[in-house]
**Student:** 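Submitted below is the structure of interest, expressed as structure tokens.
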Protein chains: 2
Amino acid sequence: MLSEAVQDYLKSIYKLSHASQAGEMVTTSLIAERMQVSAASATNMIKKLAELRLLDHTPYQGVELTPTGVKMALEIVRHHRLLELYLRQSLGYDWDQVDAEADRLEHAISEDFEDRIDRALGFPTVGAHGEPIPSKEGDIAVHNYRRLADMAEGERCWIRQVSDRDPALLRYLDEHGLILGTEVEIRERAPFRGPLRIAIGVDREHHLGLEAAEQIYVEIAAA
Amino acid sequence: MLSEAVQDYLKSIYKLSHASQAGEMVTTSLIAERMQVSAASATNMIKKLAELRLLDHTPYQGVELTPTGVKMALEIVRHHRLLELYLRQSLGYDWDQVDAEADRLEHAISEDFEDRIDRALGFPTVGAHGEPIPSKEGDIAVHNYRRLADMAEGERCWIRQVSDRDPALLRYLDEHGLILGTEVEIRERAPFRGPLRIAIGVDREHHLGLEAAEQIYVEIAAA
DNA sequence: GAGCGAATTTAGCCATGACTAAATCCAATG
DNA sequence: CATTGGATTTAGTCATGGCTAAATTCGCTC
Ligand SMILES: [Mn+2]
Ligand SMILES: [Mn+2]
Ligand SMILES: [Mn+2]
Ligand SMILES: [Mn+2]
């Protein structure tokens, strides 16, 4: 069994590798920042993970998960996303509260527990914030969503996924009706990285900062 | 926050102190055996817990939880028993499977999670094996049950609580209908610590070993 | 009251995963 | 191509919670 710390590093590295460009290596400092530890601590753990053959480490360059490492990471991601959804659906959590709880539970549940909540949820493929849920076999769907922040004036789209990193942002989005499935139209893009004026659903309008819009992933509505 | 190890020691010491005679101290070797560690490791932890004012340690004699220690122990016990019940009621676990899962989850859930499953279960006062569930304030009911093993021939009783220590025993009891609420009559006590011949419910009879009967707690039916 | 044996504690060690401070590397700049 | 500053690694330390082996204590028996 992998320790809780190892599991959390793998999960973070997996996510970082998918946030960066394909082929790019994940750097020590990125890992350290994400894990909230010093760079020296990150280096320590990287050496251990390399020893365990969970990643390849090119000193001074960065790391890349091995197939085994990816598999282990996806196992944790699956636990996390199933748990988030379960907390939301079965225990009435708000979507900004589920991440913290799942971050701890993901290491504590058994495979049996995983299977039971999977069944209770009807074998979902998408999580509480729209992220794909890896299958038990380690496959994960690739969604080609675009960032709301990158949409052009006049375009319409549906919100399909939202970053779960910041609870405050999630509450803010919730208050303004910016939830999964909501239709959004870009009315106006202010210059100098200014806010987007958007139509939310049928009759709401909002000026949304670019910072927030970068955390929202959308599917473009057929023109 | 107390570490997982500290929490588990407190829980074990609490249970051991209630299994022994009132006023008796809990010994190092008992703790070591229950925690599956060496006696030296137990001594180490005892010194740390004494330092934390969670118990009083009389060297070479034993330990006794302080009021704070009891409070902390009951907090974990509450988590454990609520979780066991929730796993059983909401996720369909068998009663021999819940203990292991709860042993890990009990350290990972938040107070919010605790409150939510408490509500979902209708604020139960009795756990999956009949144990009293401590209140959020740290009160716990005292049940004056007797061991089935100590009943006399001819006496009738209801099964009210069962030890959750041994999953195999729980499966065995389940197979023979020896579950919570079942009425049992002692037909015959074999000599030399031999088995009890008992009537289970209306029309079942069984020869139950004393070892098993010692793990079953009953309420005597009015004669 | 001496001695014995079991329980307990002490001493010393190890793995894990943090940290700070110092050394080292490397890419960019002049 | 030498310099330099930021990123990375190394070195050394600490806390936690295990372990074994050795020393110590205590209750019991002779
Ligand atoms: Mn985590
Ligand atoms: Mn799993
Ligand atoms: Mn536990
Ligand atoms: Mn609690």
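Every chain is numbered from 1 and lettered A, B, ... according to where its sequence line falls, protein lines coming before strand lines. As the structure is a prediction and not an experimental result, all values here were calculated from the model. We use all heavy atoms of the structure for the numbers below, so side chains are in, but hydrogens, waters and symmetry mates are not.
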**Student:** Where the side chain of A/Y60 is concerned, which of C/dT8, D/dG17, D/dT8 is the nearest nucleotide?
**Tutor:** D/dT8
**Student:** Quick one: label A/S38 by what it contacts on the DNA or RNA (base, sugar-phosphate, nothing), any heavy atom closer than 4.0 Å.
**Tutor:** base
**Student:** State which of C/dT9, D/dT8, C/dC19 makes the closest approach to the side chain of B/P59.
**Tutor:** C/dT9
**Student:** Using a heavy-atom cut-off of 4.0 Å across all strands, would you classify B/A40 as base, sugar-phosphate, or nothing?
**Tutor:** base
**Student:** Which listed nucleotide (C/dT9, C/dA18, D/dT8) is nearest to the side chain of A/Y9?
**Tutor:** C/dA18
**Student:** Within less than 4.0 Å of OP1 or OP2 of D/dT8, is there a side-chain N or O belonging to A/H57?
**Tutor:** no
**Student:** Let's see if you can work this out: which of C/dT9, C/dT8, D/dG17 has an atom nearest to the side-chain heavy atoms of B/S29?
**Tutor:** C/dT8
**Student:** Can you tell which of D/dG18, D/dT16, C/dG17 lies closest to the side chain of B/N44?
**Tutor:** D/dG18
**Student:** Between C/dG17 and A/K48, is there an OP1 or OP2 to side-chain N/O distance shorter than 4.0 Å?
**Tutor:** yes
**Student:** Can you tell me which nucleotide in C/dT8, D/dT16, D/dT9 comes closest to the side chain of B/T27?
**Tutor:** C/dT8
**Student:** Parallel, tilted or perpendicular: which fits the ring planes of A/Y86 and B/Y86, with parallel below 30° and perpendicular above 60°?
**Tutor:** perpendicular
**Student:** Using only side-chain N and O atoms of B/S3, determine if any of them is under 4.0 Å from OP1 or OP2 of D/dG17.
**Tutor:** yes
**Student:** Taking the minimum atom-to-atom distance to the side chain of B/Q61, which one of D/dG17, C/dC25, D/dG27 wins?
**Tutor:** D/dG27
**Student:** Just by distance, with hydrogens left out, do A/Q215 and A/H129 show a side-chain donor and acceptor under 3.5 Å apart?
**Tutor:** no
**Student:** When you measure from the side-chain N and O atoms of B/S41 to the phosphate of D/dG18, is any distance below 4.0 Å, counting only OP1 and OP2?
**Tutor:** no
**Student:** Just to be sure I understand the rule, does B/A5 reach a base, reach only the sugar-phosphate, or reach nothing, if contact means heavy atoms closer than 4.0 Å?
**Tutor:** sugar-phosphate
